[in-house]
Amino acid sequence: MDGYLKPYAPWVDGVWEKVERKMRSVRERSADKIPYTADSGVHDDWKEKKIGRWTNGFWAGILWLMYLETGEERYREIAQHNEEWLDRALLDAENLNHDAGFIWLLSAGANFRLFGGEASKNRILTAASSLAARYNIEKRFIRAWNGEEKKGYSIIDCMMNLPLLYLASDITKDPRFELVARAHADSALKNHLRADGSVYHVVNYEGDGVTIPDKTQGYDPQHSSWARGQAWAVYGFTLSYLHTGDEKYLAAAKRAAHYFIANIIDDPVPLCDFRAPDEPVYHDTSAGTCAACGMLELAKIVPEYEKKLYVSGAMRMLCAIEKDYCDFDPETDVLVKNGCEAYHDGLQDLPLIYGDYYFIEALYKLRGGKELLW
Ligand code: GLY
């Protein structure tokens, strides 16, 4: 892989320098926050709102990546405070949902992997138990969200939460968490991944067979192709392969990645939905940074002659996002602009903390960082 990455080394070093300078300022301004966006240039704070949103672990994740790469204790200190604040969500049983992995892998999970510690271990096992308890034994899936009308719903995003279950099995040496994760991944492979490599965002297992409900963050639930959902598939199936060694997850990740790469031929910055009408144009930089992380992991796994495709796919997106959509000014809290939370809902052109997180994770990988927080 090194060979294919070499030409990008000066770019990676230059961008990292700007990120490091910026994050040193942002970390102090946001030391007491759990941010989600920085629409006005300043991070908002979910500590002041209802803690437990799926995005609430990404700030801790950024802090841990920065700690890993710089060794600066201040990052660790702030990340550890963040992890404690998230306990409010862990004790809010009725609001916990399928997104426990996003929240606790990047906070308690990272802390535990690096330093051990009973408190972090407890958080991981509590969150994993709640995630595993969402498994529907009859239909073999982990249910998404809460509420009676959604009891048959599964979403592709959940592929990114499965590593919490793999980690819980590693810690406890009890296979049941992993068995739940694998059963869900098998169902997702069968029912979310279309033959052409694109994915359904949401499927419904309620009733006879599998149906597609009228719900998506993309343009259209039945026929369109929500780019961030596609990124969750690329990275999520890759992670299930890395944790289990099961080749069918690798094949699924490659199929999803090939579809993604085919859809960035014209525009290297992913649209919010690859099959939306030509107008309006909504980009989703967060889909690009996340998919790039998945592709960089894929490039490490596949044989030498396959690596170039995934490295080029990832680098096309990262370089374009860096060129046109990044703000490296240390005086603002925005890093990556033009994320799209959802196609319909007026939530476009936003800086999103997970867009920032995956941009930094991609740089961390490109600099040779080996720790996988997922
Ligand atoms: N997990 C929700 C999203 O990707 O927006």
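Note that these values count all heavy atoms, side chains included, but never hydrogens, waters or copies made by symmetry.
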Peer 1: Cation-pi between K139 and Y205: NZ/CZ under 6.0 Å from ring centre and within 45° of the ring axis?
Peer 2: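 Relative to the ring axis of Y205, which defines the angle, K139 lies outside at least one limit.
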Peer 1: Quick test of your reading of the model: are D44 and R53 salt-bridged, counting only N-O distances below 4.0 Å?
Peer 2: no
Peer 1: Looking only at atom types and distance, does a side-chain atom of H243 sit under 3.5 Å from a main-chain N or O of Y166, one as donor and one as acceptor?
Peer 2: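 No: the side chain of H243 does not pair with the backbone of Y166.
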Peer 1: Please round to the nearest 0.5 Å and tell me the distance separating atom OG of S130 and atom CG of N97.
Peer 2: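 If we round to the nearest 0.5 Å, S130:OG and N97:CG are 8.0 Å apart.
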Peer 1: Step by step, would you call E341 with Y354 a side-chain hydrogen bond (donor to acceptor under 3.5 Å, both in side chains)?
Peer 2: CA-CA 10 Å; E341 175 75 33; Y354 43 97; 2.7 Å; yes
Peer 1: Does F141 belong to the same Ile/Leu/Val/Met/Phe/Trp/Tyr cluster as L96, with side-chain heavy atoms less than 4.5 Å apart forming each link?
Peer 2: no
Peer 1: So, are K248 and D246 salt-bridged, with charged N and O less than 4.0 Å apart?
Peer 2: yes
Peer 1: Establish, from distance only, whether the side-chain atoms of Y343 and S224 form a donor-acceptor pair under 3.5 Å.
Peer 2: no
Peer 1: In Å and rounded to the nearest 0.5 Å, what is the SG to CE distance from C293 to M317?
Peer 2: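 Here the rounded value is 9.5 Å.
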Peer 1: Give a yes/no verdict on a cation-pi contact between R194 and Y200, requiring under 6.0 Å between NZ or CZ and the six-membered ring centre and an angle within 45° of the axis.
Peer 2: yes
Peer 1: Whether the E83 and S120 side chains hold a donor-acceptor pair (N or O, under 3.5 Å, no angle test) is what I'd like checked.
Peer 2: yes
Peer 1: Side-chain polar contacts of residues 209-216 - donor-acceptor pairs under 3.5 angstrom, sequence neighbours left out - could you list them?
Peer 2:
residue, atom, partner, partner atom, Å
T216, OG1, H201, ND1, 3.1
T216, OG1, G218, N, 2.9

Peer 1: Report yes if the side chains of L335 and I360 come closer than 4.5 Å at any heavy-atom pair, otherwise no.
Peer 2: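 Result yes, sub-4.5 Å side-chain heavy-atom pair found.
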Peer 1: Kindly say whether L373 contributes a backbone atom to a donor-acceptor pair with the side chain of R113 at under 3.5 angstrom?
Peer 2: yes
Peer 1: Heavy-atom count check: over 12 atoms from other residues, nucleotides or ligands less than 6.0 Å from E77 CD?
Peer 2: yes
Peer 1: What side-chain hydrogen bond (donor to acceptor under 3.5 Å, both in side chains) pairs are there with at least one residue in residues 19-35, not counting sequence neighbours?
Peer 2: W16-E20, E20-R24, K22-T332, R24-E72, R27-E72, E28-R74, R29-D333, S30-H43
Peer 1: Please report the interatomic distance CE(M159) to CG(L189), rounded to the nearest 0.5 Å.
Peer 2: 7.5 Å
Peer 1: What about L65 and L167, same hydrophobic cluster or not, with Ile/Leu/Val/Met/Phe/Trp/Tyr joined at side-chain heavy-atom distances under 4.5 Å?
Peer 2: yes
Peer 1: Y282, W232: one ILVMFWY side-chain cluster at the under-4.5 Å cut-off?
Peer 2: no
Peer 1: Determine, step by step, whether C158 and H184 satisfy the side chain to side chain contact (heavy atoms under 4.5 Å, CB included) criterion, reporting the C-alpha distance in whole Å, the side-chain angles of both residues, the deciding distance to 0.1 Å, and the verdict.
Peer 2: CA-CA 9 Å; C158 197; H184 178 86; 3.8 Å; yes
Peer 1: Which distance, rounded to the nearest 0.5 Å, do you find between the CG of L250 and the CG of L298?
Peer 2: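 L250 CG to L298 CG: 6.5 Å, rounded to 0.5 Å.
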Peer 1: Does the side chain of L350 reach to within under 4.5 Å of the side chain of C340, using non-hydrogen atoms?
Peer 2: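 They are not in side-chain contact.
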Peer 1: Does a sphere of radius 6.0 Å around CG in L91 hold more than 12 heavy atoms from other residues, nucleotides or ligands, not counting ones at 6.0 Å or beyond?
Peer 2: yes
Peer 1: Evaluate the criterion side chain to side chain contact (heavy atoms under 4.5 Å, CB included) for residue pair D324 and N338; output intermediate values, then yes/no.
Peer 2: CA-CA 10 Å; D324 291 329; N338 287 73; over 6 Å; no
Peer 1: Do side-chain atoms of D356 reach the backbone of V334 as a donor and acceptor pair under 3.5 angstrom?
Peer 2: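 No, because the side chain of D356 does not come within donor-acceptor range (under 3.5 Å) of the backbone of V334.
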Peer 1: Apply side chain to side chain contact (heavy atoms under 4.5 Å, CB included) to the pair Y8 and L318, showing each step before the final yes or no.
Peer 2: CA-CA 11 Å; Y8 300 105; L318 293 171; over 6 Å; no
Peer 1: Q230 versus N263: any side-chain heavy-atom pair under 4.5 Å?
Peer 2: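 No - every pair of side-chain heavy atoms lies 4.5 Å or more apart.
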Peer 1: Looking only at side chains, do Y357 and S286 share a donor and an acceptor under 3.5 Å apart?
Peer 2: no
Peer 1: Whether the side chain of R134 engages the backbone of R143 through a donor-acceptor N/O pair (distance < 3.5 Å, no angle test) should be reported.
Peer 2: yes
Peer 1: Can you check whether W104 and F112 have ring centres sitting under 6.0 Å from each other?
Peer 2: no
Peer 1: Hey, is OH on Y219 packed in by over 12 heavy atoms from elsewhere, all under 6.0 Å?
Peer 2: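 Not buried by this count: 12 neighbours or fewer within 6.0 Å.
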Peer 1: Report yes or no: is the cationic atom of R76 (NZ for Lys, CZ for Arg) under 6.0 Å from the centre of the six-membered ring of F115, at an angle within 45° of the ring normal?
Peer 2: yes
Peer 1: Using only atom types and a distance under 3.5 Å, with no angle test, would you say the side chain of S154 pairs donor to acceptor with the backbone of V203?
Peer 2: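 Looks like no, no N/O pair under 3.5 Å.
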Peer 1: Relative to each other, are the rings of W85 and H81 parallel, tilted or perpendicular (30° and 60° limits)?
Peer 2: parallel
Peer 1: Determine, using the 4.5 Å side-chain heavy-atom cutoff (strictly less than), whether I171 and L131 are members of one ILVMFWY cluster.
Peer 2: yes
Peer 1: Check whether any side-chain N or O of D284 sits under 3.5 Å from a backbone N or O of L271 as a donor-acceptor pair, and report yes or no.
Peer 2: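 The answer is no, because no donor-acceptor pair under 3.5 Å joins these two groups.
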Peer 1: Check the side chains of Y153 and N146 for a donor-acceptor pair under 3.5 angstrom, ignoring hydrogens and angles.
Peer 2: no
Peer 1: Are side-chain N/O atoms of Y4 and E304 paired as donor and acceptor at under 3.5 Å?
Peer 2: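 Note: Y4 and E304 side chains miss the donor-acceptor criterion.
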Peer 1: When you look at L162 and F177, which way does the side chain to side chain contact (heavy atoms under 4.5 Å, CB included) test go after all the steps?
Peer 2: CA-CA 9 Å; L162 301 185; F177 296 100; over 6 Å; no
Peer 1: Just by modelled atom types, is the G339 backbone N or O under 3.5 Å from a matching donor or acceptor in the R228 side chain?
Peer 2: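 Not confirmed, R228 side chain does not pair with G339 backbone.
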Peer 1: Between R367 (side chain) and E69 (backbone), is there a donor-acceptor pair under 3.5 Å?
Peer 2: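 Pair absent, no side-chain N/O of R367 close to backbone of E69.
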Peer 1: Do Y135 and L165 sit in one hydrophobic cluster, given that two such residues count as connected whenever their side-chain heavy atoms are within less than 4.5 Å of each other, even indirectly?
Peer 2: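 Hydrophobic grouping puts Y135 with L165.
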Peer 1: NZ of K308: more than 12 outside heavy atoms within 6.0 angstrom?
Peer 2: no
Peer 1: Do any N or O atoms from the side chain of S187 and from the backbone of A183 form a donor-acceptor pair under 3.5 angstrom?
Peer 2: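 The answer is yes, because a donor-acceptor pair under 3.5 Å joins these two groups.
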Peer 1: I need the N82 CG to L106 CG distance, nearest 0.5 Å.
Peer 2: 11.0 Å
Peer 1: Do the rings of Y235 and W374 sit parallel, tilted or perpendicular, given the 30° and 60° boundaries?
Peer 2: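 Geometry flag for W374 against Y235: perpendicular rings.
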Peer 1: Just how far is it from atom NZ of K337 to atom OG1 of T285, taken to the nearest 0.5 Å?
Peer 2: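 Here the rounded value is 10.0 Å.
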Peer 1: Using the six-membered ring wherever Trp is involved, compare the ring planes of F274 and F260 and label them parallel, tilted or perpendicular (cut-offs 30° and 60°).
Peer 2: perpendicular
Peer 1: Any side-chain heavy-atom pair from Y67 and L63 closer than 4.5 angstrom?
Peer 2: no
Peer 1: Indicate yes or no: at least one non-hydrogen side-chain atom of L86 is less than 4.5 angstrom from one of I34.
Peer 2: yes
Peer 1: Listed by chain and number, what are the salt bridge (Lys or Arg N to Asp or Glu O under 4.0 Å) partners of E371, not counting sequence neighbours?
Peer 2: none
Peer 1: Are side-chain heavy atoms of F359 and V19 found at a separation under 4.5 Å?
Peer 2: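 Side chain of F359 against side chain of V19, heavy atoms only: contact under 4.5 Å found.
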Peer 1: Considering the options Y36, W64, Y358, which one meets the ring-ring contact (aromatic ring centres under 6.0 Å, His included) requirement together with F58?
Peer 2: Y358
Peer 1: Do L239 and M160 come close enough that some side-chain heavy atom pair is under 4.5 Å?
Peer 2: yes
Peer 1: Kindly say whether G57 contributes a backbone atom to a donor-acceptor pair with the side chain of S107 at under 3.5 angstrom?
Peer 2: no
Peer 1: Is there a side-chain contact between F328 and E17 in this structure, where contact means two heavy atoms from C-beta onward sitting under 4.5 Å apart?
Peer 2: no
